[in-house]
There are 2 protein chains.
Amino acid sequence: MPPSSPKATMHDVSRLAGVSKMTVSRVLADPDLVSESTRNKVMKAIEQLSYVPDRVAGSLSSRRTNFITAILPTLTNSNFADTAQGLAEAMRPADYQLLIGYTMYRLEEEERIIRAMLARRPDAIVVAGTTHTKAANEMMLRAGIPIVEIWDTPEHPIDHAVGFSNYEVGRAAALHLLGLGHRRIGALGSRMDSDAKDLRGESRLAGFTSVLREAGLSDELVIRAGEAPVSYDHGAVTLGILLERAPDVEAVFAVSDISAVGALMECHRRGIKVPDDLSLMGFGDFDIARQCVPAITTIRIDAERIGRKTGELLLQVLDRSPDTEHLPASAVNVGFDLVIRQTTATSKKRR
Amino acid sequence: MPPSSPKATMHDVSRLAGVSKMTVSRVLADPDLVSESTRNKVMKAIEQLSYVPDRVAGSLSSRRTNFITAILPTLTNSNFADTAQGLAEAMRPADYQLLIGYTMYRLEEEERIIRAMLARRPDAIVVAGTTHTKAANEMMLRAGIPIVEIWDTPEHPIDHAVGFSNYEVGRAAALHLLGLGHRRIGALGSRMDSDAKDLRGESRLAGFTSVLREAGLSDELVIRAGEAPVSYDHGAVTLGILLERAPDVEAVFAVSDISAVGALMECHRRGIKVPDDLSLMGFGDFDIARQCVPAITTIRIDAERIGRKTGELLLQVLDRSPDTEHLPASAVNVGFDLVIRQTTATSKKRR
DNA sequence: ATCAAGCATGTTATCGGTATCATTACAAGT
DNA sequence: ACTTGTAATGATACCGATAACATGCTTGAT
């Protein structure tokens with residue numbers, strides 16, 4: 001560890017510059033309030049002492065930390081990483097710093113993180129998902145700061161929301177496969193009885209199932225196995241389960257492109273031709289879905305945009321001076337797109 | 001925004017429990033110091049008031065924030081995300097919170113981030129890379145906190161280091177391709193004359209080139225084009241440039257699997273057979289490299305382990321009581337592995 | 001009975017800033 | 001000349017915790 005010289009404080013700067021602490025503070029916070037000559041003196045003193053302001057003290061005094069807490073399922077999912085980067089990008093001009101936490105798809109972990117984060121007194125909380133533990137909900141409500149739930153459209157939003165309907169995504173997927181003439185249709189998701197569950201993935205499955213039912217089809221081929229987060233392996237394994245249950249399955253929707261890719265590889269291994277023998281689609285529009293051979297049909301959501309929109313929303317909400325009215329809770333739906341590529345095709349039976 | 005009830009302070013808790021602030025503080029920080037009966041009283045008061053301690057105030061008072069700054073090129077690279085997650089995982093038991101910043105491969109941005117982060121008074125800094133601006137170097141030196149440079153092996157470490165030699169990675173790649181009998185050997189990297197440059201990628205190219213030279217080969221097929229971070233497109237485009245320059249190229253090393261995948265797809269499109277017509281290898285062992293058809297030969301580094309090792313190192317360094325000697329600066333080399341898959345094969349000319 | 005040691009708790013003094021109000025000086029309006 | 005306004009700066013009082021030291025009370029060894 002390098003040697004530590006005692007750090008200069010604002011007081012040191014003010015003495016060297018021959019002004020009061022308050023003037024130094026003004027030079028840093030709002031230079032226009034200070035005359036040019038004083039400002040120059042202060043700047044020189046700051047330079048000389050290599051003064052770095054202490055935002056910890058500043059935050060305590062001003063009751064604003066400029067921290068934004070972002071709670072995501074995991075960082076190692078490019079979609080969530082995109083959202084985080086989009087959010088950080090949008091907030092940076094206003095000098096906000098992200099406090100990122102990840103839950104590993106566990107609600108208890110989310111609660112733990114929220115509790116820990118609140119002690120840091122963030123100016124706002126962004127949280128992926130709309131389902132939280134009771135305690136988590138209460139803590140966020142009580143925090144008295146803007147809350148933004150992202151990556152889904154909550155029925156009962158805590159405050160603001162930016163996302164899309166996972167349920168509708170599932171419906172769109174099912175409608176696409178039905179529209180191709182398939183009747184034996186399955187889906188691949190993760191288990192819901194474990195600690196780590198993908199609630200948004202489950203919403204997609206629910207929407208998917210609803211369409212199947214409406215079409216008079218059964219939902220027995222909707223497979224739920226393995227823990228979130230899903231993996232290539234998950235796709236391969238669950239496809240195996242599905243094929244055992246229904247060797248004649250014609251079309252499959254995986255709750256994530258990652259699973260879809262794994263399923264596709266499993267098809268390669270088993271000599272199942274995609275899309276001739278089996279239509280396959282995923283969700284997320286991950287890079288790999290586009291690069292696969294054949295390229296995978298998927299549903300695209302603009303993850304980075306969710307982050308950016310959230311950031312823009314927060315800037316509006318946070319910029320308000322304390323006396324103006326609170327901005328009403330808002331819900332932004334960023335939508336999604338069905339991207340038809342090469343892994344889904346018209347049912348042979350129909351041709 | 002939900003209504004804000006004025007938050008309870010430690011003082012409120014102490015009054016309700018009929019003890020002093022200090023006792024409340026002790027219950028939270030070191031419960032064993034307090035008798036069971038008092039502890040219970042305090043806990044009940046905390047519960048009743050939904051008290052959430054203010055770590056901003058605590059940090060100011062104790063001069064410890066329990067923040068660790070982590071500076072990475074980007075979050076949207078699964079390798080760096082893995083490192084961040086490994087680091088966070090290792091530090092969590094000790095209740096450290098990561099402050100993540102990303103530089104987009106720009107040194108000036110790194111400097112800006114370091115300056116901003118130091119104002120948050122982190123207890124340590126973790127930074128990817130060993131090359132920094134002069135000002136950044138000085139700031140880190142002066143900060144008086146542990147610094148860990150990761151993802152490379154610095155010649156002149158600021159303090160600690162955890163990584164591997166990118167130069168040696170490049171050499172290993174070149175030796176592998178040479179060992180297969182190839183003589184017309186190229187490489188794909190990014191430009192070094194732009195703001196955003198991948199210095200570690202450049203080290204790999206340098207190591208790669210050094211082997212070519214030693215073998216009496218020229219380095220004219222080492223292509224540098226496009227800005228960091230590289231993309232699938234980058235691989236496709238730079239391979240095009242390379243093929244134009246040398247249609248007879250036999251083997252290619254891409255500084256990233258991402259580029260390698262892009263190059264592989266370009267080969268598909270051009271009808272170039274891999275590895276029969278061209279041997280191709282990448283770096284990073286990204287999931288996609290394994291899942292590709294054919295699976296890509298690559299060099300694996302355990303990114304998550306770099307994060308974990310860094311975390312463990314920091315825990316050691318930070319746990320020392322102030323009076324013990326500083327732990328000497330250390331350098332951990334986590335090494336790398338050559339993973340031979342299906343995109344590299346013996347030169348036909350040699351067969 | 002005496003006293004040192006130790007446990008449980010309290011008191012006081014910061015930590016390094018910012019909010020708020022006060023003050024000074026000077027220019028402009030009447 | 002007298003108020004009034006405004007620009008520039010200063011003085012004071014916190015913000016909500018913890019460090020460090022002080023105190024009172026047991027307890028057990030001698």
Side-chain angles (χ1 to χ4, degrees), chain A residues 4 6-42 45-46 49-67 95 118-123 144 321-323, chain B residues 4 6-42 45-46 49-67 95 118-123 144 321-323:
Chain A
S4 121
K7 269 174 279 292
T9 73
M10 188 172 274
H11 185 235
D12 300 328
V13 174
S14 75
R15 271 198 339 239
L16 182 58
V19 298
S20 71
K21 270 195 336 186
M22 218 33 241
T23 300
V24 178
S25 178
R26 287 194 186 99
V27 169
L28 262 29
D30 199 345
D32 293 340
L33 291 177
V34 178
S35 76
E36 203 187 319
S37 63
T38 341
R39 190 166 52 218
N40 289 146
K41 277 192 301 189
V42 172
I46 288 177
L49 297 173
S50 312
Y51 169 69
V52 180
D54 186 332
R55 297 264 247 143
V56 178
S59 297
L60 175 60
S61 180
S62 67
R63 326 287 304 117
R64 301 185 73 241
T65 55
N66 268 34
F67 281 132
D95 198 31
L118 282 177
R120 302 291 192 175
R121 296 295 189 264
D123 292 342
S321 39
D323 46 284
Chain B
S4 122
K7 269 174 281 291
T9 72
M10 187 172 275
H11 185 236
D12 300 328
V13 175
S14 74
R15 271 198 339 240
L16 182 58
V19 298
S20 72
K21 271 194 336 185
M22 216 36 238
T23 300
V24 178
S25 177
R26 286 194 186 100
V27 168
L28 263 28
D30 199 347
D32 293 340
L33 290 177
V34 179
S35 76
E36 203 184 318
S37 64
T38 341
R39 190 166 53 218
N40 289 146
K41 277 191 303 189
V42 171
I46 288 178
L49 296 173
S50 311
Y51 169 67
V52 180
D54 187 331
R55 297 263 248 142
V56 178
S59 296
L60 175 60
S61 182
S62 67
R63 326 288 301 116
R64 302 185 74 240
T65 55
N66 268 34
F67 281 132
D95 197 33
L118 282 177
R120 302 292 192 174
R121 297 293 189 265
D123 293 342
S321 39
D323 45 284

message: Taking only side-chain N and O atoms of Y51(A), does any of them lie within less than 4.0 angstrom of OP1 or OP2 on dG16(C)?
response: no
task: Assign V56(A) to base, sugar-phosphate, or nothing according to its heavy-atom contacts below 4.0 angstrom with the strands shown.
output: nothing
field: First-last contacting nucleotides on DNA chain D - partner chain B, under 4.0 angstrom, heavy atom
entry: dG16(D) to dA20(D)
query: Taking the six-membered ring of F67(A), is the NZ or CZ of R120(B) close enough (under 6.0 Å from the centre) and on axis enough (within 45°)?
result: yes
Main-chain N/O of S37(B) paired with N40(B) side-chain donor or acceptor, under 3.5 Å: no
task: Check every strand shown and say whether R26(A) touches a base, only sugar-phosphate, or nothing at a heavy-atom separation below 4.0 Å.
output: base
query: Looking at S20(B), does any N or O in its side chain come under 4.0 Å of the phosphate oxygens OP1/OP2 on dG10(C)?
result: yes
message: Tell me if the side-chain of S61(A) makes a donor-acceptor pair with the base of dG17(C), cut-off 3.5 Å, by modelled atom types.
response: yes
message: Please determine whether a side-chain nitrogen or oxygen atom of S59(A) lies at a distance below 4.0 Å from atom OP1 or OP2 of dG17(C).
response: no
side-chain N/O S25(A) vs dT18(C) OP1/OP2, d < 4.0 Å: yes
query: Given axes from five pairs at either end, by how many degrees does the helix from dA1(C)-dT30(D) to dT30(C)-dA1(D) bend, rounded to 10°?
result: 40°
field: Expected output: side-chain R121(A) to main-chain R63(A) donor-acceptor under 3.5 Å
entry: no
- prompt: Do NZ/NE/NH1/NH2 and the carboxylate oxygens of R55(A) and D95(A) come within less than 4.0 Å?
  reply: yes
task: Please work out which residues in residues 29-37 of chain B have a non-hydrogen atom less than 4.0 Å from an atom of DNA chain D and list them by number.
output: none
task: Name the residue closer to the 5' end of DNA chain C, choosing between R63(B) and T23(B) according to the nucleotide with the nearest heavy atom.
output: T23(B)
